[in-house]
Number of protein chains: 2
Amino acid sequence: MNLKNQVEWALHCCSVMASLPEGRYLSTRSLSEFHGVPKEYLGKALQGLSKAGLVHTTLGPSGGYRLARPAQAITFLEVVEAVEGRKSTFQCSEIRANNPCRPKSLCDDKPCAVARIMWRADEAWRQTLAAVTLADLQETLQEDVPADLLKRSFDWLMERAG
Amino acid sequence: MNLKNQVEWALHCCSVMASLPEGRYLSTRSLSEFHGVPKEYLGKALQGLSKAGLVHTTLGPSGGYRLARPAQAITFLEVVEAVEGRKSTFQCSEIRANNPCRPKSLCDDKPCAVARIMWRADEAWRQTLAAVTLADLQETLQEDVPADLLKRSFDWLMERAG
DNA sequence: TCAATCTAGGATATCGAATGTCCATGATTG
DNA sequence: CAATCATGGACATTCGATATCCTAGATTGA
Ligand code: SF4
Ligand code: SF4
């Protein structure tokens, strides 16, 4: 039960893009170098964000990605699901149907109690992530990260932004 | 991001054991036949429950497993973690350390904001599961499952219980 | 006593998803 | 027109989940 590494990468990329000035773009190359992750593989995650409509892209030199919406309008849940997909942690394989005492004619009108409970926990997980936006993250990072590191990182990215 | 199949099996086994009369035991063989899952592999999950102290075991003919505690004293979270382990869904690989602007001397006194948010969601998931006991499950099953199926299943298991 | 049955657990094989690389295509820029 | 970009398909690799088999040691019941 673990999320893909790409989820972590995507969240950090979104965090970086949240502080990108209006109209600028960051390429896969720049984002991968900044985070020290393989360019081609990171590209897959960014394409996921693109297909989910969370980022806007342009082609050609000086092209790349930027957020499609303001940071306070994008939740963690959206980013996570864009990369990881929407399937629940608990997969029901209907083993109750294997019960040797069970009549063939019996039809299950609803998912069994075990699955309902597990899915409720997944829902709580999703709600927690849906309550946090990229803007919230930016705010926390302002407190966590030393100001001069933020400044140098910003400059580093600006040199490469299209 | 998905739980092992063994989690589903273990929960169903616990559900069955919750209705087992005092002093009786169910063998891996019986449990695997009842649920239609491979005996040897189910055994691994049951050994997980055993090491976590959730079930009590006896050896020899008429041996097997029973709950080590009353059903209202065993939570879903305990069963899930006994089989699945305790690691969080989000694994932090410290990619912030790869930031090219970052001074070598900078030390991270706490996990980064992204990880803290993701772990908060995991915590909500765990709290939800910790709030449900096997006794709660039994109650729901009484409503869900036709009485005659419950009765036949109980008899089937009693024939095989040691 | 002894054969049968059980759990515990190590060794190994198989499968599919996660991870990572490479390349072709078409669009855009300067 | 050459360089750079996103997209996406085709792989190769790695790793954990799934599954099987076998041995050791304990217990039961005949
Ligand atoms: S959880 Fe319920 S529905 Fe899912 S397999 Fe088990 S019995 Fe079937
Ligand atoms: S989430 Fe934070 S701590 Fe974890 S890898 Fe990303 S930056 Fe590092």
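Proteins come first, then strands; the chains are lettered A, B, ... in the order of their sequence lines, and each starts at number 1.
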Quick one: does any side-chain atom of A:Ser15 pair with a main-chain N or O of A:Leu11 as donor and acceptor, under 3.5 Å? no
Are side-chain heavy atoms of A:Val79 and A:Leu54 found at a separation under 4.5 Å? yes
Between B:Arg96 and B:Glu94, is there a salt bridge with N-O shorter than 4.0 Å? yes
Bend angle of the helix from C:dT1-D:dA30 to C:dG30-D:dC1, end axes from five pairs each (to 10°): 10°
Residues from residues 28-40 of chain A lying under 4.0 Å of DNA chain C - heavy atoms: A:Pro38, A:Glu40
Hydrophobic clustering (ILVMFWY, side-chain heavy atoms < 4.5 Å, transitive) - are A:Leu49 and A:Leu59 grouped together? no
Rounding to a whole Å, what distance do you find between A:Gln91:CD and C:dA17:P? 11 Å
What parts of residues 44-70 of chain B reach DNA chain D, counting only heavy atoms under 4.0 Å away? B:Lys44, B:Leu59, B:Gly60, B:Pro61, B:Ser62
Taking the inter-plane angle between the rings of A:Trp156 and A:Phe34 on a 0 to 90° scale, is it parallel (under 30°), tilted (30 to 60°) or perpendicular (over 60°)? tilted
Sidechain N-carboxylate O distance under 4.0 Å for B:Arg86, B:Glu81: yes
Rounded to the nearest angstrom, tell me the gap between atom OH in B:Tyr25 and atom C1' in C:dT5. 16 Å
To the nearest angstrom, how far is B:Lys87 atom NZ from D:dA17 atom C1'? 11 Å
Mind calculating the distance between CD (A:Glu84) and C1' (C:dT19) to the nearest angstrom? 13 Å
Spacing of A:Asn5 atom CG relative to C:dA17 atom P, expressed in whole Å: 18 Å
Could you grab the distance from atom CG of B:Leu42 to atom OG of B:Ser32, nearest 0.5 Å is fine? 6.0 Å
Is B:Arg126 salt-bridged to B:Asp122, going by a charged N under 4.0 Å from an acidic O? no
For B:Leu77 and B:Gln127: C-alpha separation, side-chain torsions, deciding distance, then whether side-chain contact (heavy atoms from CB on, under 4.5 Å) applies. CA-CA 8 Å; B:Leu77 181 62; B:Gln127 276 181 18; over 6 Å; no
Can you tell me the distance, in whole Å, between the CG atom of A:Leu42 and the P atom of C:dG20? 11 Å
Determine the interplanar angle of the A:His56 and A:Tyr25 rings, folded into 0 to 90°, and report it as parallel if under 30°, tilted if 30 to 60°, perpendicular if over 60°. tilted
Between C1' on D:dC11 and OH on A:Tyr41, what's the gap in Å once rounded to a whole number? 14 Å
Measure up the A:Trp119 and A:Phe90 rings against each other and bin them: parallel (under 30°), tilted (30 to 60°), perpendicular (over 60°). perpendicular
Quick one: B:Glu8 CD to D:dT18 P, roughly how many Å, whole number? 10 Å
